[in-house]
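Presented below is the structure to which this report refers.
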Number of protein chains: 2
Amino acid sequence: MNIPRYKQIQEDLKKRIQKGDYKVGDYLPSEHELCSAFTITRTTARKALEELQKEGFIIRQHGKGSQVRERRDSLGLLTVKGFSEAVAQQVETEFLRRPELTSWDFDLSFKPTAREMKTQCLYFSRLRYIDHQPVMVEDNWLAVEKVPGFEKQEFVEGSFFKTLSQRYLIEIIGSEQELRAIAASEKVAGLLQVKKGAPVLHITVKYLTSIPGYYIYSQLFCQTDQFPIGNSFFVQ
Amino acid sequence: MNIPRYKQIQEDLKKRIQKGDYKVGDYLPSEHELCSAFTITRTTARKALEELQKEGFIIRQHGKGSQVRERRDSLGLLTVKGFSEAVAQQVETEFLRRPELTSWDFDLSFKPTAREMKTQCLYFSRLRYIDHQPVMVEDNWLAVEKVPGFEKQEFVEGSFFKTLSQRYLIEIIGSEQELRAIAASEKVAGLLQVKKGAPVLHITVKYLTSIPGYYIYSQLFCQTDQFPIGNSFFVQ
DNA sequence: TAGTGGTCTAGACCACTGG
DNA sequence: CAGTGGTCTAGACCACTAG
């Protein structure tokens, strides 16, 4: 198997939670029980449970066990999961600009590297809807260097990140984000169907990829009245 | 020692990075080198390095090593670190309301539990400055049940979380957050020295503590013009 | 190829939780 | 008290990176 054992067990447990075999408040099998059930050692069992904790499915407590947690379903945007995976509700996407080659002329707090500037910039822009209501404008910039032909094809399952992963073997390994509350410009206000000058959330993102020195830059304008941006976080 | 070995090594390496012994771009000693240097096994060395990665100090790459990362110094607020620890710049704090006993009457998307409602509510409010400029209004609510006498004492080193930890042995183990862009009310605008109606970032937080069912509720109003809220995040 | 981190085994002792 | 997770040892094999 190429997929690590802990990952298999992690996904197995996750599916059982999602199917309802383990409900909110239930305890998963203890580390020792997982060891005998899957014929693994505690290191592997712990890794699977720690990952589930990171993802917010369970809370682990010393002396007690791993308890299934209630998950809030506002946009879990501040993770690198991407929009489509993060939202449970009905999501639609409309391209404002399909992927096209441009020059590097975006104005974010993050700046492209000199190396990236040497190649052309691939740009696309999308408008995202939840329950048929526009909630987010998204602009994306990346160096075309590592994604040749990107502009000539459809997205894998409508997902940008899935396309990167499956067609170019590029994985997202992290992100840096900056958040600001700003007044909506006329253009953004029109797209999000709010008044010009209304407060919107502006998020600039620099995604780190599995290719060193190769980044993806994004900006989001979010209408947070009905759908606040959510985030949950665990330590230990 | 009560402090785990991996934690000691993590802090040791962190201090060396902060002192400049390891600069941005440098590689930390490999896992094997740490093993012999500290007389530990790889499990322990890995744990220390993984924690440093979580905190954003290093990037670990298979086949290469642990490289010191540039840390952006906007407010790393979306972690549970708390304000004083997260910001490098000069920070001042002014109490708008010192800790006092009140009834539960806050109106956040998070609701106190029935158990919490049975005891009185401890409330305090602070205004935070960076470089003598007001940037954040912070309101906090928690059940007085687990923090008797809180209102009668000073904070440990000015830090709310340190006070909880050292005086009441309560640790923060996670948080859930919701972010919205809103128009500043007259009161908030006055405190943050912006115009009434100006966009401000509103963050509501439910902190999970080491006491099951015991939470801390906060709301923040942030003026993000000069100091955007920052966040960095890593997977794997 | 040598060196790195990723995964895993098979144990051990400890601290915490609850009855 | 029994059961849980937290920490740690002492190995092993593998996949990835770079010269």
Side-chain angles (χ1 to χ4, degrees), chain A residues 1-11 13 22 25-54 57-69 169-171 173-174 209-214 234-236, chain B residues 1-11 13 22 25-54 57-69 169-171 173-174 209-214 234-236:
Chain A
M1 274 298 179
N2 221 348
I3 298 170
R5 196 85 181 94
Y6 78 82
K7 197 86 192 166
Q8 297 173 28
I9 286 145
Q10 173 190 343
E11 295 302 325
L13 291 171
Y22 298 107
D26 287 356
Y27 283 88
L28 295 189
S30 73
E31 296 181 357
H32 277 291
E33 285 168 338
L34 289 178
C35 290
S36 28
F38 289 96
T39 329
I40 52 177
T41 54
R42 265 189 73 204
T43 311
T44 308
R46 281 182 66 77
K47 180 78 174 165
L49 293 170
E50 279 163 1
E51 292 296 310
L52 283 174
Q53 163 146 327
K54 268 196 211 166
F57 283 95
I58 58 173
I59 292 187
R60 281 157 64 68
Q61 277 183 286
H62 196 171
K64 296 185 76 175
S66 301
Q67 192 176 28
V68 177
R69 207 180 136 255
L169 306 179
I170 296 173
E171 302 295 335
I173 60 169
T209 72
S210 46
I211 303 177
Y214 188 71
F234 289 90
V235 289
Q236 302 288 350
Chain B
M1 272 297 178
N2 220 350
I3 298 170
R5 196 85 180 96
Y6 79 83
K7 197 85 193 168
Q8 297 173 28
I9 286 146
Q10 173 190 345
E11 295 302 326
L13 290 171
Y22 298 107
D26 287 356
Y27 283 87
L28 295 189
S30 73
E31 297 181 355
H32 277 292
E33 286 168 338
L34 288 177
C35 289
S36 29
F38 289 97
T39 328
I40 52 178
T41 53
R42 265 189 75 205
T43 312
T44 309
R46 280 182 66 77
K47 179 80 174 165
L49 292 171
E50 280 164 0
E51 293 296 311
L52 283 175
Q53 163 145 327
K54 268 196 214 167
F57 284 94
I58 59 174
I59 292 187
R60 282 155 65 68
Q61 276 182 285
H62 196 170
K64 296 185 76 175
S66 302
Q67 191 177 28
V68 177
R69 208 180 136 255
L169 306 178
I170 295 172
E171 303 296 335
I173 60 168
T209 72
S210 46
I211 303 177
Y214 188 70
F234 289 90
V235 287
Q236 300 295 344

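Letters A, B, ... are given to chains in the order of the sequence lines, protein chains preceding strands, and every chain is numbered from 1.
Rounding to whole angstrom units, CD of residue B/Glu50 and P of D/dT7 are separated by 12 Å. Rounded to a whole Å, the CD atom of A/Gln10 is 14 Å from the C1' atom of C/dT7. To the nearest angstrom, P of D/dG5 lies 11 Å from CD of A/Gln53. Rounded to an integer number of Å, the gap from CD1 of A/Ile59 to C1' of D/dT4 is 16 Å. B/Arg46 places its CZ atom 18 Å from the P atom of D/dG11, with the value rounded to the nearest Å. To the nearest angstrom, C1' of D/dT7 lies 13 Å from CZ of A/Arg60. One atom, CG of A/Leu52, and another, P of D/dG5, lie 13 Å apart when rounded to the nearest Å. At whole-Å resolution of the value, CD in A/Gln61 and C1' in C/dG18 are 12 Å apart.
Scanning for side chain to side chain contact (heavy atoms under 4.5 Å, CB included) contacts around A/Gln10 gives A/Tyr6, A/Lys7, A/Ala48, A/Glu51, A/Leu52, A/Glu55, with sequence neighbours left out. Remark: B/His62 pairs with no residue by the side chain to side chain contact (heavy atoms under 4.5 Å, CB included) rule, at least two apart or across chains. Applying the side-chain hydrogen bond (donor to acceptor under 3.5 Å, both in side chains) test to B/Glu50 and every residue at least two apart in sequence or in another chain returns B/Arg46.
Residue B/Thr41 holds its OG1 atom at 11.5 Å from CG of B/Leu34, rounded to the nearest 0.5 Å. To the nearest 0.5 Å, atoms CD1 (B/Ile40) and CD1 (B/Ile9) are separated by 3.5 Å. Taken from CD in B/Gln53 to CG in B/Leu49, the straight-line distance is 9.0 Å, to the nearest 0.5 Å.
Panel note: side chain A/Gln67, backbone A/Tyr27; no donor-acceptor pair is recorded below 3.5 Å.
Proximity of B/Ser66 to B/Phe57: side-chain heavy atoms (C-beta onward) are nowhere separated by under 4.5 Å. Counting only heavy atoms from C-beta outward, the side chains of B/Arg5 and B/Phe38 approach each other to under 4.5 Å.
For the contact set between residues 30-38 of chain B and DNA chain D, defined by any heavy atom under 4.0 Å, there are no members.
Contact annotation: A/Lys64 side-chain N/O to C/dG18 OP1/OP2 distance is under 4.0 Å.
Stacking between B/His62 and C/dG6 is absent: the ring centroid is not both under 5.5 Å from the six-membered base ring centre and under 30° in plane angle.
Counting only Watson-Crick or G-U wobble pairs whose defining distances are both under 3.5 Å, the stems of 3 or more consecutive pairs in DNA chain D are C:1-18 with D:1-18.
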Every protein N/O within reach of nucleotides 8-10 of chain D N/O, cut-off under 3.5 Å:
{"from": "D/dC8", "atom 1": "OP1", "to": "B/Arg5", "atom 2": "N", "distance (Å)": "2.3"}
{"from": "D/dC8", "atom 1": "OP2", "to": "B/Tyr6", "atom 2": "N", "distance (Å)": "3.3"}
{"from": "D/dT9", "atom 1": "OP2", "to": "B/Thr41", "atom 2": "N", "distance (Å)": "3.0"}
{"from": "D/dT9", "atom 1": "OP2", "to": "B/Thr41", "atom 2": "OG1", "distance (Å)": "2.7"}
{"from": "D/dT9", "atom 1": "OP2", "to": "B/Thr44", "atom 2": "OG1", "distance (Å)": "2.8"}

